[in-house]
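Along the sequence shown, residues are numbered consecutively beginning with 1. First listed ligand is number 1; within each ligand, the first listed atom is number 1.
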Amino acid sequence: MDSLCSQLGRMIKEEKVLAEQIKQVQKEVDELSVQYGGSIQVRFIRCGSPNCYCARTKKGHGPYYYLERRVSARKVEMIYLGKEKADVNHYNNYHCKMSNLKKRLRAMKKKHQQLCGAITGITQLVKTDFE
Ligand SMILES: [Zn+2]
């Protein structure tokens, strides 16, 4: 039973490391989504002045870029980012990074689940051997 026990020991260690990594990545994702979560919106706005050229155009002034973010079940917040595509680029980069991290997190959680299942299985085996 020795090899099975040492195998179990290794798996338990691996499980702990993996659980810690999952916690780290989850934390990173949470922090990113607090700062950068939401979707980018493009708006064109009429200033309201009847003499302005925007009164005669279809769209209005713009484009203006906003970050739209849900702050509660009923409330959505619009944060002004800027007029230039460049003002939005770093948000897009973070969104990209975030979705990569989430993908990694899903894979890690799946592996963790499998590992826990295997640990439970071997634990059962080791137990029945002693009974
Ligand atoms: Zn105007």
* To do: Could you name each residue pair satisfying side chain to side chain donor-acceptor pair (under 3.5 Å) that touches residues 25-35, not counting sequence neighbours?
  =>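 Checked against side chain to side chain donor-acceptor pair (under 3.5 Å) - neighbours excluded - the pairs reaching residues 25-35 are Q26-D30, Q26-K109.
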* Asked: To the nearest 0.5 Å, how far apart are CG in N89 and CD1 in I40?
  ->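 Those atoms lie 9.5 Å apart.
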* Asked: Does E84 have any salt bridge (Lys or Arg N to Asp or Glu O under 4.0 Å) partners at least two apart in sequence or in another chain, and if so, which?
  ->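 With sequence neighbours excluded, E84 shows a salt bridge (Lys or Arg N to Asp or Glu O under 4.0 Å) to no residue whatsoever.
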* Any idea how Y36 and Y94 line up, ring-wise: parallel (<30°), tilted (30 to 60°), or perpendicular (>60°)? ->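 It falls in the parallel class, under 30°.
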* Should we count CZ of R104 as having more than 12 external heavy atoms under 6.0 Å? ->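 Check fails, neighbour count at 12 or below.
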* Asked: Any idea how many protein N, O or S atoms are nearer than 2.8 Å to the Zn ion (ligand 1)?
  ->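 My tally for this metal is 4.
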Under 3.5 Å, which donor-acceptor pairs do the side chains of residues 47-64 form with other protein atoms, sequence neighbours left out?
{"from": "S49", "atom 1": "OG", "to": "N51", "atom 2": "N", "distance (Å)": "3.4"}
{"from": "T57", "atom 1": "OG1", "to": "C54", "atom 2": "O", "distance (Å)": "3.2"}
{"from": "T57", "atom 1": "OG1", "to": "G60", "atom 2": "N", "distance (Å)": "3.4"}

